[in-house]
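One structure below.
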Amino acid sequence: MPELEVAGRRWTVPPASNLLDQLNAAGCKVPFSCRAGSCHACMVRCVAGEPLDARPEALDPGRRAEGWRLSCQCQVVTDLVVEVFDPQRDGLPAEVVALDWLGEVARLRLRPQRPLRYSPGQHLLLWSAEGVARPYSLASVPGEEPWLEFHIDCRQPGAFADALRPLQVGATLRLGELRGGALHYDPDWDGRPLLILAAGTGLAPLWGILREALRQHHQGAIRLIHLAHDPAGHYLAEPLRALAGRHDNLRVELATAAQLQGVLADLRLVSRQTVALLCGSPASVEDFARRLYLAGLPRNQLLADVFLSRSF
């Protein structure tokens with residue numbers, strides 16, 4: 001049977017067993033979130049041996065060349081020597097410059113120790129001081145703001161959300177892997193209508209993308225719908241209304257879960273050239289996408305990211 005070695009400790013594991021499961025079963029405490037190869041919370045570095053990787057394309061070539069692998073996607077088929085990601089050693093320090101509570105949403109702003117190149121719509125792995133890692137979408141616009149902004153739903157208990165509550169300005173968090181999600185703004189869409197549909201804190205990446213589109217003087221009509229569990233959940237209501245007041249081509253609509261069916265029934269395409277950007281829970285994204293397909297939106301004109309919540 002193959003053997004695993006971490007920090008000088010060595011043990012046997014069943015052939016073709018999942019690397020993440022075996023590491024955590026042995027007490028190595030490798031964090032994870034999606035188990036689909038998207039969040040990158042479970043990265044480990046293979047310093048000897050090679051696992052069977054189901055998604056080699058999920059990591060950029062530079063990271064792979066350094067030996068990093070997504071443990072959730074790997075099977076142990078031969079002896080492996082592994083280094084677990086250490087945020088103190090491998091993460092980028094970032095100072096908390098602001099933590100504002102917008103209802104039950106924490107608006108977290110971080111200033112990294114060195115500038116970070118990113119695009120609106122990307123997401124970044126955040127590590128708490130307690131070693132909890134979660135991926136969150138960036139809500140900031142590069143070049144416009146000196147910080148990285150995140151919107152974190154804290155309605156339900158969770159290890160990362162709980163770690164935020166006592167956090168003070170000046171504290172340090174660590175940043176992990178930067179990932180490109182499905183959402184982005186393309187300057188070639190300049191004259192095309194944009195339909196932006198966000199549920200809950202799925203608004204975070206779309207807030208950044210919306211402002212990037214307006215910064216680039218998008219000429220087409222933009223319709224943004226924010227779905228919240230109740231009126232208090234529209235945590236960016238005033239900034240959205242203010243933005244719409246400054247841009248004639250922007251229309252903002254705020255809806256609650258109780259109004260969802262009416263919102264879906266009212267969805268229409270102003271043009272077959274419409275580009276739709278969706279973000280939220282799996283159920284809300286599926287509801288929006290199904291209605292847009294029925295309305296005639298081509299599938300290649302719909303971009304979506306799904307938020308998966310974890311309570312631990």
Side-chain angles (χ1 to χ4, degrees), residues 2-94 110 112-119 121-138 148 150 159-160 172-182 184 305-306 308 310:
E3 294 187 333
L4 266 178
E5 181 178 330
V6 179
R9 179 184 169 202
R10 197 171 182 89
W11 68 99
T12 58
V13 300
S17 55
N18 180 268
L19 179 56
L20 172 64
D21 290 342
Q22 292 303 320
L23 290 170
N24 279 331
C28 294
K29 297 184 179 178
V30 178
F32 64 93
S33 185
C34 71
R35 296 190 70 103
S38 297
C39 73
H40 289 204
C42 67
M43 282 205 318
V44 298
R45 184 168 173 262
C46 296
V47 296
E50 183 64 38
L52 180 62
D53 193 343
R55 290 199 59 198
E57 76 285 354
L59 276 176
D60 68 71
R63 282 292 202 182
R64 285 190 61 80
E66 294 171 351
W68 293 103
R69 299 292 184 268
L70 301 178
S71 60
C72 74
Q73 298 300 303
C74 290
Q75 293 179 339
V76 185
V77 293
T78 188
D79 292 354
L80 284 177
V81 179
V82 169
E83 285 183 355
V84 174
F85 186 94
D86 182 350
Q88 297 301 316
R89 178 193 64 206
D90 304 314
L92 176 65
L110 302 175
Q113 191 175 75
R114 56 175 170 77
L116 191 66
R117 296 183 63 182
Y118 69 95
S119 300
Q122 289 189 283
H123 41 88
L124 190 61
L125 194 65
L126 302 186
W127 287 80
S128 73
E130 295 77 17
V132 178
R134 295 288 183 272
Y136 290 105
S137 290
L138 286 151
L148 306 175
F150 305 89
F160 197 92
T172 298
L173 299 182
R174 300 276 168 165
L175 309 181
E177 186 79 356
L178 177 68
R179 286 283 290 149
H184 65 276
D305 259 353
V306 172
L308 299 175
R310 290 185 64 201

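In this chain, numbering begins with 1 at the start of the sequence shown.
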Would you indicate whether the side-chain heavy atoms of [Y] and [X] approach each other to under 4.5 Å?
X: Leu148; Y: Pro112; value: yes
X: Val44; Y: Val6; value: no
X: Leu110; Y: Leu126; value: yes
X: Leu138; Y: Phe150; value: yes

Which residues pass the salt bridge (Lys or Arg N to Asp or Glu O under 4.0 Å) test with [X], not counting sequence neighbours?
X: Arg35; result: Asp21
X: Asp79; result: Arg10
X: Asp305; result: none
X: Glu130; result: none

So which atom in [X] and which in [Y] form the shortest heavy-atom distance, rounded to 0.1 Å?
X: Val77; Y: Ala16; answer: CG1-CA, 4.4 Å
X: Pro87; Y: Trp127; answer: CG-CE3, 3.5 Å
X: Gly176; Y: Leu124; answer: O-CD1, 3.6 Å
X: Pro93; Y: Arg174; answer: CG-NH1, 3.2 Å
X: Phe160; Y: Ser128; answer: CE1-N, 3.7 Å

In Å and rounded to the nearest 0.5 Å, what is the [atom1] to [atom2] distance from [X] to [Y]?
X: Asp90; Y: Leu175; atom1: CG; atom2: CG; result: 13.0 Å
X: Lys29; Y: Leu23; atom1: NZ; atom2: CG; result: 14.0 Å
X: Leu4; Y: Arg9; atom1: CG; atom2: CZ; result: 10.0 Å
X: Leu80; Y: Gln22; atom1: CG; atom2: CD; result: 11.0 Å

Can you list everything that forms a side-chain contact (heavy atoms from CB on, under 4.5 Å) with [X]? Sequence neighbours excluded, please.
X: Thr12; answer: Met1, Glu3
X: Cys42; answer: Leu20, Val30, Phe32, Leu70, Ser71, Cys72
X: Arg89; answer: Glu83, Asp86

Under the ring-ring contact (aromatic ring centres under 6.0 Å, His included) rule, what pairs show up with a residue in residues 59-78, not counting sequence neighbours?
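Every ring-ring contact (aromatic ring centres under 6.0 Å, His included) pair that includes a residue of residues 59-78, provided the two are not neighbours, is Trp68-Phe85.
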
Which side-chain N or O atoms in residues 47-59 pair as donor and acceptor under 3.5 Å with protein atoms at least two apart or in another chain?
| from | atom 1 | to | atom 2 | distance (Å) |
| --- | --- | --- | --- | --- |
| Glu50 | OE1 | Arg69 | NH2 | 3.2 |
| Glu50 | OE2 | Arg69 | NE | 3.0 |
| Glu50 | OE2 | Arg69 | NH2 | 3.2 |
| Asp53 | OD1 | Arg55 | N | 3.0 |
| Asp53 | OD2 | Arg64 | NH1 | 2.7 |
| Arg55 | NE | Glu57 | OE2 | 3.3 |
| Arg55 | NH1 | Ala36 | O | 2.7 |

Using the side-chain hydrogen bond (donor to acceptor under 3.5 Å, both in side chains) criterion, which residues pair with [X]? Sequence neighbours excluded.
X: Glu177; value: Arg63
X: Gln113; value: none
X: Tyr118; value: Ser140

